[in-house]
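One structure below.
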Amino acid sequence: MFEATHLHKRFGYHVVLEDVSMSFAQGRLTGIMGPNGAGKTTCFNLLTGRYRPDRGRIRFEGRDITALPPRAIARLGISRSFQVMNLFDDYSALDNVLIATPEVRERGFSVWRRFGGSTDVLESVGLAGKAHVRAKDLSYGDRRALEIGVALAARPRLLFLDEPTAGLGTEATARIARLIAELKRSITIVLIEHDMKFLFGLADHIYVMHWGQVIAQGSPAELRANPWVQRSNLGHAVN
Amino acid sequence: MLALFALFGTLPAWIGAIGLYPYLGVEIMVWIIFGLGFNLLLGYGGLPSFGHGAFFGVGAYAFGLAQFNVHPNLWLCLGAAMLAGGVAGALVALFISHRRGIYYALLTIAFGQIFWFVAVKWHSVTRGEDGLLNIKRPPWLDDLTSLYIFCFAVFALAVVLLWRLVHSPFGRVLSAIRQNETRARFVGYNVWLYKWLAFTISALVAGLAGGLFALAQQSAYPNVMSLQQSGFVVMMTLVGGGLVSFWGPVLGAVLFFVARDLLGAYTEAWLLWYGLLFMLVVLFKPEGLAGLLRKDVRSHAPA
Ligand SMILES: Nc1ncnc2c1ncn2[C@@H]1O[C@H](COP(=O)(O)OP(=O)(O)OP(=O)(O)O)[C@@H](O)[C@H]1O
Ligand SMILES: [Mg+2]
């Protein structure tokens, strides 16, 4: 469904990604793991059009999207959440979600149509009761949920989630895990995650990144047997 | 909105009683139109234009030039004022819409100065420093009452349309872009185009205000597009609370002109006091007067 081949990216002299290739199969949940600074977020930034790769190709449903800007990629049905939250802080939770819906987007230049829409997405991320609370007044956990809600509101076919549980406690993490398990049934998902228990429980396929390269990949079962994963602290968490 | 219309609709009947005069009402309405259009950019779009007087001036000149050289029809001349403001704005916006913050502000100042320079130097068209004098009002607008009524009608229409605009999907998206440009891109918006349009519409409204000004003042001169004029509209908008309220520019403009005429009677330095108030607002109360008046200040989210 989605395929990136031989991606390279450097910032100045700092090589951040080196020959990274990944593919995400329809209906699957693909995980990306790796230590801090491994290049996971940069990878998302290339795949969603924030930066252009120095080399390499990105294809979505057979179409080359390498040079497309973020808005064009978004319009193809690809959506993402951010590791550092990116919300419309002065807007209510509901307005945050509405702004991201295709309906409002199509009416964006209209002056006479109404600004509005359905609240289904808020319900699915568990914020139905807080629809009219301003994003900046929500608790950290609710903001995390809303971060996913905004990405979902676009009704994507492919969803990139960048550490959706960062900074959350066990209970809040479990809430996000339930949400993702539910989403997985209808959307193709790519998930960056530090919490290995979390990731190994959800993912169909996992890429392990280190120093800007993919050093291992496979199903959770295959990776448990991988020497690098076993050697690293990450491995202990799952075995 | 009803209170505003009631206030200005009845203004000629009572303004004499407080020692002011109906023409002041015309001036204030012109500046409110200018300010509301400006606030579309500043308050909703978060785009600081410090050279907006240029488009006001372009509108005023266009009104006069259309009257002299094309046809004295009032509607045509007002249309020309809006069109000229809008086209000038659209051109400038082409060069600045990929910028933001301080670079955006500096570029608008630079462009504003270019327009001012042209007005002063292009003598054969603009009559240089003297400007366009003897702009005529149509006979049916020659007395002050009908001029007032006409301006009030245009004013009411402009206010309703701008209110509609900021509450439409367009206005909501524009405000979303101010809050988080990155996210707006990633949910699929063409940020550049929205910024460009906001500037163009805002300049078009400034052109309308400038056209009304030329009609009322019966002249257009370089000073109407000076940096000082540009500064006034910024001050009015911020003092009034344009960052948190649609009505901010209204409060700011009323206060500005009342201060000019009431304080101005006692001291030449009234502008100093207004400027001081402006500084206090910027330093301590960015929500402005509207923020003081309203309890649930929705900071930086005009509603
Ligand atoms: N815009 C940029 N300019 C310069 N360097 C960058 C930029 N973005 C990322 N980097 C660098 O690239 C490297 C990889 O960063 P990246 O954010 O992709 O890591 P990550 O795997 O997401 O880490 P984390 O787990 O901390 O989120 C880091 O060394 C970072 O400093
Ligand atoms: Mg990261």
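Every chain is numbered from 1 and lettered A, B, ... according to where its sequence line falls, protein lines coming before strand lines.
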Report task. Between chain B and each of Ala151(A), Pro70(A), Ala72(A), count heavy-atom pairs under 4.5 Å; write down the option with the most. Result -> Pro70(A)

Report task. Quick one: which of Arg107(A), Arg50(A), Arg75(A) has the most heavy-atom pairs under 4.5 Å with chain B, could you say? Result -> Arg50(A)

Are more than 12 heavy atoms from other residues, nucleotides or ligands located less than 6.0 Å from atom [atom1] of [X]?
{"X": "Phe95(B)", "atom1": "CZ", "answer": "no"}
{"X": "Arg52(A)", "atom1": "CZ", "answer": "no"}
{"X": "Met279(B)", "atom1": "CE", "answer": "no"}
{"X": "Tyr103(B)", "atom1": "OH", "answer": "no"}
{"X": "Arg175(A)", "atom1": "CZ", "answer": "yes"}

Closest heavy-atom pair and its distance - [X], [Y]:
{"X": "Gln179(B)", "Y": "Asp90(A)", "value": "OE1-N, 3.0 Å"}
{"X": "Asn180(B)", "Y": "Phe88(A)", "value": "O-CE2, 3.5 Å"}
{"X": "Arg80(A)", "Y": "Arg183(B)", "value": "O-NH2, 3.4 Å"}
{"X": "Ser175(B)", "Y": "Tyr91(A)", "value": "CB-OH, 3.2 Å"}

Report task. Determine which pairs satisfy side chain to side chain donor-acceptor pair (under 3.5 Å) with at least one residue from residues 93-105 of chain A, sequence neighbours left out, and list them in order. Result -> Asp95(A)-Arg172(B), Glu103(A)-Arg155(A)

Taking side chain as everything from C-beta outward and backbone as N, CA, C, O, which of these in [X] sits under 4.5 Å from a heavy atom of chain B? Side chain, backbone, both or neither.
{"X": "Glu106(A)", "result": "neither"}
{"X": "Ser79(A)", "result": "neither"}
{"X": "Asp89(A)", "result": "backbone"}
{"X": "Ala100(A)", "result": "both"}
{"X": "Ala153(A)", "result": "neither"}

Query raised in the report: Checking heavy atoms, do the side chain of Leu174(B), its backbone, both or neither come under 4.5 Å from chain A?
Result: neither

For residues 121-131 of chain A, dump all side-chain donor-acceptor pairs below 3.5 Å to protein atoms at least two apart in sequence or in another chain.
{"from": "Ser124(A)", "atom 1": "OG", "to": "Val121(A)", "atom 2": "O", "distance (Å)": "2.8"}
{"from": "Lys130(A)", "atom 1": "NZ", "to": "Asp142(A)", "atom 2": "OD2", "distance (Å)": "2.7"}

**Report entry** Choice from Pro169(B), Ala176(B), Ala184(B), Ser168(B) maximising heavy atom contacts with chain A below 4.5 Å
**Finding:** Pro169(B)

Report summary line: Among residues 187-199 of chain B, those lying within the under-4.5 Å heavy-atom range of chain A are Val187(B), Gly188(B), Tyr189(B), Asn190(B), Leu193(B), Tyr194(B), Leu197(B)

Query raised in the report: Which of residues 52-60 of chain B have a heavy atom under 4.5 Å from any heavy atom of chain A?
Result: none

